[in-house]
*Asks:* 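Below is one structure. I have some questions about it.
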Amino acid sequence: MDWTRGHTIGRGSTAAVSVAMSRCSGEIFAVKSTELSRSEFLQKEQKILSTLNSPYIVGYKGYDVTRENNKDMFNLMMEYMPDGTLTNQIREQGTRTGNEQMIRYYTKQIVQGLDYLHSKGILHRDIKGHNILLCETGAKIADFGCARSIDQVKWNGGTPMFMAPEVARGEEQGFAADIWALGCTIIEMATGASPWTDSTNPASLLYHIAFSGQKPEIPGFLSSQARDFVSKCLRRDPKQRWSAKQLFKHPFFEESNSYDKINEEFITSSPTSILDQGIWSSAEESETVDDSRQTISSMDSPLQRLRELEMQSGKPDWLQLEITV
């Protein structure tokens with residue numbers, strides 16, 4: 001594809017995302033780029049994304065290698081999502097985020113995306129509001145930097161606030177971990193805040209998630225059906241959590257057919273303002289899990305690993321921080 005790179009709209013530790021335009025068709029898309037010599041994880045993301053085709057997954061456009069400023073660059077081309085991240089949407093709406101129709105609308109699309117991924121044997125490993133992108137048709141799952149085939153997962157990773165208990169303990173990470181993260185994301189949509197709000201550092205948070213026996217608090221203002229749906233996601237035993245296929249049949253979605261087109265007031269309308277916010281910044285975040293920006297090394301016990309993390313960490317941004325367990 002013959003294309004022109006625009007301005008940068010997101011940047012991570014090893015890759016940057018830019019707006020791009022096809023010289024032939026004028027199509028606008030997003031390009032995630034890094035130096036070819038450092039592109040191992042981006043190439044893994046490209047391989048996974050190239051196998052996916054769903055209206056609930058951010059679209060794959062292709063890849064190429066270019067020569068820019070005397071450097072060879074690996075470029076992953078993706079669908080451009082003009083309405084930003086779900087987290088940005090939540091923050092902009094403020095106290096209006098408790099609207100259950102909006103929550104139901106987006107949740108149904110995320111569940112359909114997860115059902116598709118899991119049917120393909122793909123574990124996302126980092127479901128959260130930052131990794132759900134929005135457009136006029138609703139929500140799509142994005143950022144596959146952490147994703148792996150279920151038979152290729154060699155270590156656990158994700159964002160602590162959305163991490164399942166078994167993942168925090170360093171046990172096997174399966175599809176059920178994505179379902180726990182979905183439950184946490186619904187709490188984020190409902191409250192406008194992280195699912196755990198009383199933790200002061202990564203070590204205490206992970207220890208609490210792993211061993212306390214507690215679950216994030218489900219907002220009491222949600223309907224009984226919504227609370228039951230979230231409770232099915234947040235069962236501490238991963239074997240007891242509902243699958244995406246089961247969740248799709250939950251009564252919580254029965255009223256969704258009457259709300260096929262989300263009200264325009266819930267969707268931002270200015271692509272320019274979205275670009276100023278850096279809507280693709282979340283696309284960089286997951287790759288830093290494998291890039292060891294914030295890594296817990298293999299030690300003798302989960303507690304030791306958590307203490308090591310505490311020594312490495314300053315004041316965390318709970319929605320952004322990602323680690324490998």
Side-chain angles (χ1 to χ4, degrees), residues 1-54 57-85 88 117 120 122 124-126 130-135 140-149 152 154-155 157 270-295 320 322-324:
M1 181 188 299
D2 189 12
W3 56 277
T4 301
R5 187 187 301 277
H7 62 283
T8 299
I9 53 177
R11 190 179 297 276
S13 61
T14 63
V17 178
S18 306
V19 175
M21 182 179 72
S22 168
R23 288 193 178 101
C24 297
S25 66
E27 177 188 10
I28 302 296
F29 54 95
V31 177
K32 186 174 183 180
S33 305
T34 191
E35 290 184 38
L36 183 61
S37 60
R38 304 171 60 195
S39 64
E40 176 184 357
F41 297 116
L42 188 56
Q43 290 190 45
K44 288 181 179 179
E45 182 175 357
Q46 180 271 326
K47 289 178 181 178
I48 289 178
L49 199 58
S50 68
T51 67
L52 306 177
N53 182 18
S54 166
I57 305 295
V58 168
Y60 171 73
K61 298 290 185 180
Y63 78 97
D64 67 7
V65 176
T66 56
R67 183 74 175 175
E68 303 174 36
N69 299 320
N70 296 320
K71 296 179 180 179
D72 291 324
M73 304 294 294
F74 183 87
N75 307 296
L76 170 59
M77 300 167 225
M78 301 169 288
E79 178 182 7
Y80 172 59
M81 300 288 286
D83 292 319
T85 70
N88 285 343
L117 287 177
K120 300 275 286 184
I122 301 296
H124 186 277
R125 302 205 302 170
D126 200 20
H130 273 293
N131 290 340
I132 307 298
L133 299 185
L134 308 179
C135 64
K140 299 189 180 188
I141 299 174
D143 194 343
F144 288 82
C146 241
R148 293 291 183 271
S149 172
Q152 294 179 339
K154 296 181 180 180
W155 60 83
S270 171
T272 301
S273 65
I274 290 297
L275 293 181
D276 291 341
Q277 295 169 19
I279 68 168
W280 282 86
S281 59
S282 65
E284 306 352 291
E285 295 167 0
S286 290
E287 67 172 336
T288 59
V289 177
D290 294 323
D291 199 38
S292 302
R293 179 182 64 182
Q294 198 65 267
T295 301
Q320 302 288 349
E322 296 164 345
I323 64 168
T324 299

*Asks:* How long is the span from the CZ atom in R38 to the CD atom in Q43, to the nearest 0.5 Å?
*Replies:*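 Going from CZ on R38 over to CD on Q43, the span is 13.5 Å.
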*Asks:* Do W3 and D64 meet the criterion of a side-chain donor-acceptor pair at a distance under 3.5 Å?
*Replies:* yes
*Asks:* Once you round to the nearest 0.5 Å, how far does CG of N88 lie from CG of D83?
*Replies:* 11.0 Å
*Asks:* Any idea which heavy atoms bring L49 and V58 closest together, and the distance?
*Replies:* CD1-O, 3.7 Å
*Asks:* Can you list the steps and then say if Q46 with S39 is a side-chain contact (heavy atoms from CB on, under 4.5 Å)?
*Replies:* CA-CA 10 Å; Q46 180 271 326; S39 64; over 6 Å; no
*Asks:* Between I141 and H124, what is the shortest heavy-atom contact and its length?
*Replies:* CG2-CD2, 3.5 Å
*Asks:* Is E35 close to L42 at the side-chain level, that is, under 4.5 Å between some pair of heavy atoms?
*Replies:* no
*Asks:* Rounded to the nearest 0.5 Å, what separation is found between the CG atom of D72 and the OG1 atom of T66?
*Replies:*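 Going from CG on D72 over to OG1 on T66, the span is 8.0 Å.
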*Asks:* Would you say F144 and L117 make side-chain contact, with heavy atoms under 4.5 Å?
*Replies:*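 Heavy-atom side-chain distance check passes, below 4.5 Å.
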*Asks:* Hey, could you give me the OG1/CD1 distance between T51 and I57, rounded to the nearest 0.5 Å?
*Replies:* 10.0 Å
*Asks:* Grab the two heavy atoms, one from D126 and one from C146, that are nearest each other, plus how far apart they are.
*Replies:*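 Distance-wise, the nearest heavy atoms are CB-CB, 4.2 Å.
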*Asks:* Identify the heavy atoms of K120 and L52 that sit nearest to each other, and give their distance.
*Replies:*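 Closest pair (atom of K120, atom of L52, distance): CE-CD2, 4.3 Å.
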*Asks:* Quick one: list whatever passes ring pair (Phe, Tyr, Trp, His ring centres under 6.0 Å) with F74, sequence neighbours left out.
*Replies:*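 F74: ring pair (Phe, Tyr, Trp, His ring centres under 6.0 Å) contacts with Y63.
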*Asks:* Indicate yes or no: at least one non-hydrogen side-chain atom of V31 is less than 4.5 angstrom from one of L76.
*Replies:* no
*Asks:* Please give me the minimum heavy-atom distance between G6 and S18, naming the atom from each residue.
*Replies:*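 Closest approach of G6 to S18: O-CB, 3.9 Å.
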*Asks:* Taking the side chain from R23 and the backbone from G26, do they hold a donor-acceptor pair closer than 3.5 Å?
*Replies:*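 Checked: no pair found.
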*Asks:* CZ of R5 to OG of S33: how many Å apart, nearest 0.5 Å?
*Replies:*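 R5 atom CZ to S33 atom OG measures 3.5 Å (nearest 0.5 Å).
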*Asks:* Looking only at heavy atoms, what is the nearest atom pair of S149 and I122, with distance?
*Replies:* CA-CD1, 4.1 Å
*Asks:* Among residues at least two apart in sequence or on other chains, which ones pass side chain to side chain contact (heavy atoms under 4.5 Å, CB included) with S25?
*Replies:*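 Side chain to side chain contact (heavy atoms under 4.5 Å, CB included) list for S25, sorted by chain: S22, E27.
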*Asks:* How many angstroms lie between CE in M73 and NZ in K32, if you round to the nearest 0.5 Å?
*Replies:* 12.5 Å
